[in-house]
Amino acid sequence: MNRAALTHPVDGRFGAFGGQYVPETLMSALHELEDMWHEAKADPQFQLELAGHRRAFIGRPTPIYAATRLSEQFGGTHIHFKREDLCHTGAHKLNNAVGQALLAIRMGKRRIIAETGAGQHGVATATVCARFGLDCTVYMGTEDMRRQSMNVRRMKLLGAEVVEVKSGSKTLKDATTEAIRDWVTNVRTTHYIIGSVVGPHPYPEMVRDLQRVIGDEAREQYLSLDGKLPDVVVACVGGGSNAIGIFTAFIDDRDVALVGVEAAGKGIRTGQHAASLVGGRPGVLHGSYTYVLQDGDGQILPTHSISAGLDYPGVGPEHAFLRDIERVEYVGVTDQEALAAFKLLTAMPSRNWPISISSATRNEIRSCRVVAMAGSSLFSPRTRGFAVTSRGPL
Amino acid sequence: MVAERLRLEKALRADGDLKLVAYMMAGHPNRKRSIEVGKRLAGSGIAALEVGIPHSDPLADGPVIQRAGQAALANGMTVEGALEVAKAVATEGVPVVLMTYINPVLQHDPRKFAAESAQAGVAGVIVPDLPIEEAEPVAGWLRAASLDTIFMVAPTTPPDRMATICSHSSGFVYCVTVTGITGVRKELPEGMSDLFAEVKKHTPLPVAAGFGISRQEHMKALRGKLDAAVVGSAIVDEIERGGDGVALVRELLKACR
Ligand SMILES: Cc1ncc(COP(=O)(O)O)c(C=O)c1O
């Protein structure tokens with residue numbers, strides 16, 4: 001495995017994946033963004049400021065939580081959850097939004113646009129814009145506005161303009177397309193805070209850099225808890241930002257298995273799913289060469305997932321690379337399985353977990369070779385290397 | 001049919017006038033009608049015809065062309081079908097330029113796409129989400145099939161980059177007039193003339209302006225500053241309403257001489 005290619009995309013690519021398939025109008029903005037990000041990343045003042053916001057505004061570090069009762073159900077396992085749901089606004093999305101907002105301010109751009117599916121990224125972006133006094137416009141599909149109406153209200157309360165996207169499948173893909181069109185038009189004044197490790201270079205790298213705090217914390221926390229590393233780290237993959245966030249710290253730990261869980265909807269065979277890595281082929285979507293759900297003519301297919309946050313026909317190009325070099329195993333979990341896990345988790349610690357979290361957990365429970373993950377969670381068999389293939393029906 | 005070299009370059013070079021390039025979407029509103037419309041447009045006095053191959057997620061297009069693409073896809077238009085439309089229209093003798101996005105080309109197989117386009121009598125190809133950095137190997141296949149590769153410069157393109165883009169282009173250079181997506185605009189941006197002058201400095205090829213152009217006043221403002229104007233959304237809008245865009249083209253041509 002080429003370690004350098006993992007951390008530093010070469011010419012904007014992770015192996016064959018990534019790139020910048022965008023209209024010429026955006027190219028100079030992407031070059032500027034890349035330069036500014038590398039400059040900011042190396043600037044101790046910027047890092048200090050970011051660290052301050054992580055502590056006081058986001059509420060980091062988020063705890064790692066031992067799910068003891070859940071673990072008992074699956075004897076021989078130690079399940080831990082990395083509690084990204086305890087971030088301010090309820091998801092890991094804020095890690096990215098805060099960093100990019102600071103960068104936008106550094107670039108002198110006061111207008112922010114974003115796309116959102118579940119509404120979590122929209123809420124996170126609206127929140128940082130309220131915090132820093134930036135103008136905020138969020139694109140959201142009609143279908144997502146319906147199923148996530150609570151988050152639409154939150155965004156509006158936070159002062160954001162929510163633009164309904166009625167084209168195509170009226171979900172995250174179409175909202176992203178619309179946001180890119182806005183950016184093409186207003187690129188001189190506007191920064192686009194993309195919500196996941198997708199889009200043209202340097203977004204996948206930049207969002208990864210901002211989300212890797214999840215895994216950096218989790219690795220240290222787990223080590224001090226258990227004195228060793230977990231066996232498996234599991235994360236759900238929509239665009240893949242929470243997953244990359246937790247995986248990155250463990251990439252070099254060859255004994256730690258990494259599992260990405262995609263939304264298999266009604267089943268991969270039905271075609272009604274959102275599992276790009278499991279059920280797609282390489283192609284270009286939203287500026288990046290990656291695994292895409294598409295027909296033979298390269299038209300992007302409609303997706304389905306019960307989880308609005310995972311309902312996307314593409315995936316970050318770094319995941320495409322990690323899949324092809326077999327460093328991460330990607331699997332699909334159906335709506336039904338996710339709902340069953342959701343119910344199980346809700347009954348246990350009497351807490352409502354977003355469905356995208358239980359999607360990930362469900363798989364690990366089914367196969368029992370996984371260490372856990374929630375928004376990101378870690379789970380570990382009691383004996384290292386111990387793997388149970390089946391625990392029977394839940 | 002083998003593409004005749006320099007066809008586009010000759011057709012688009014201004015000769016005291018402004019050349020007009022019309023855009024239509026293959027399969028819009030349906031396959032049969034789009035061939036009819038294409039043939040009529042080809043006979044309306046235009047210098048070249050751009051034929052769009054529909055894509056589900058057209059990042060560079062505004063609502064009118066996006067809707068046309070969705071309608072064409074809903075009516076079963078494919079890359080193969082669009083190449084057939086292009087072939088039927090190309091028999092009229094006006095150079096045909098294909099405009100589509102990179103993913104349909106990649107999935108069709110760029111080599112096959114290049115060979116089939118040349119066979120259909122197509123003169124050149126524009127792929128708006130394929131900047132020069134990502135152009136190879138696709139552009140190489142197009143060139144190998146004697147197709148012109150038309151790249152775009154934008155108002156946000158720095159001068160040194162403009163030179164590189166021009167050097168990658170053949171047939172003509174496409175100059176995007178506005179920072180934005182396709183779609184009819186009332187007024188073209190100020191500062192446009194400086195942009196054209198800058199592009200002209202970097203290339204001996206004809207330069208065509210596109211995006212937002214729809215009125216006689218626009219033609220008058222462009223004439224003498226560059227070689228050609230591309231009219232897209234305004235024509236597609238007429239086609240959507242059941243027309244063929246020919247009356248509009250004739251009207252605009254009056255202001256081109
Ligand atoms: C809680 C949560 N998890 C996961 C996702 C999926 O995004 P990603 O794969 O980028 O982490 C979302 C998206 O909205 C989310 O809100």
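Heavy atoms of other residues, nucleotides or ligands lying less than 6.0 angstrom from CZ of B:Arg111 number 12 at most. Annotation: A:Glu164, atom CD; neighbour count of heavy atoms from other residues, nucleotides and ligands within 6.0 Å is above 12. Within a 6.0 Å radius of CH2 in A:Trp183, more than 12 heavy atoms belonging to other residues, nucleotides or ligands are found. No more than 12 heavy atoms of other residues, nucleotides or ligands sit less than 6.0 Å from atom CD of B:Glu187. The number of heavy-atom neighbours closer than 6.0 Å to CG of B:Asp160, taken from other residues, nucleotides and ligands shown, is above 12.
At least one side-chain heavy atom of A:Arg13 sits less than 4.5 Å from a side-chain heavy atom of B:Glu134. With contacts defined as side-chain heavy-atom distances shorter than 4.5 Å, the pair B:Thr157/A:Met27 does not qualify. Side-chain contact between A:Gln299 and B:Met77 is absent, with no heavy atoms from C-beta onward closer than 4.5 Å. Looking at A:Glu24 and B:Val176, their side chains never come closer than 4.5 Å, going by heavy atoms from C-beta outward.
Contacts between B:Pro158 and chain A at a heavy-atom distance below 4.5 Å involve the side chain alone, from C-beta outward. Heavy atoms of B:Pro63 lying under 4.5 Å from chain A are absent altogether. Contact annotation for B:Val153: only backbone heavy atoms (N, CA, C, O) come within less than 4.5 Å of a heavy atom of chain A. Only the side chain of B:Leu106 has a heavy atom closer than 4.5 Å to any heavy atom of chain A. In this structure, the portion of B:Leu73 lying under 4.5 Å from any heavy atom of chain A is its side chain and not its backbone. Heavy-atom distances place the side chain of B:Arg161, and not its backbone, under 4.5 Å from chain A. Of the two parts of A:Ile300, the backbone and the side chain both hold a non-hydrogen atom closer than 4.5 Å to a non-hydrogen atom of chain B. Only the side chain of B:Ile165 comes within contact range of chain A, with heavy atoms under 4.5 Å apart. At a 4.5 Å heavy-atom cutoff, the contact between B:Ile102 and chain A is made by side-chain atoms alone.
The backbone N or O of B:Asp61 lies less than 3.5 Å from a partner atom in the side chain of A:Arg181, making a donor-acceptor pair. Not one N or O on the side chain of A:Asp297 forms a donor-acceptor pair closer than 3.5 Å with the backbone of B:Pro104. Between the side chain of A:Thr25 and the main chain of B:Thr179, no donor-acceptor pair closer than 3.5 Å is present.
In this structure, A:Glu178 CD and B:Ile181 CD1 are separated by 7.0 Å, a value rounded to the nearest 0.5 Å. With values rounded to the nearest 0.5 angstrom, B:Ser56 atom OG is found 5.0 Å from A:Lys173 atom NZ.
The choice from A:Ala29, A:Gly283, A:Gly287 that makes the most heavy-atom pairs within less than 4.5 Å of chain B is A:Gly283. Highest contact tally toward chain B, considering only A:Leu285, A:Ile180, A:Val187, is held by A:Ile180 [criterion: heavy-atom pairs under 4.5 Å]. The greatest number of non-hydrogen atom pairs below 4.5 Å with chain B, out of A:Gly19, A:Pro282, A:Pro23, is found for A:Pro23.
Annotation for B:Gln107 and A:Arg281: closest pair OE1-NH1, 2.7 Å, computed over non-hydrogen atoms. In terms of heavy-atom proximity, A:Tyr21 sits nearest to B:Leu59 at O-CD1, 4.3 Å. The two residues A:Ser167 and B:Gln70 come nearest to each other via the heavy atoms CB-NE2, 4.1 Å. In terms of heavy-atom proximity, B:Thr156 sits nearest to A:Ser28 at O-OG, 2.9 Å.
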### Task
Quick one: do A:His31 and B:Glu133 satisfy side chain to side chain contact (heavy atoms under 4.5 Å, CB included)? Show the steps, please.
CA-CA 12 Å; A:His31 292 149; B:Glu133 285 83 350; 3.6 Å; yes
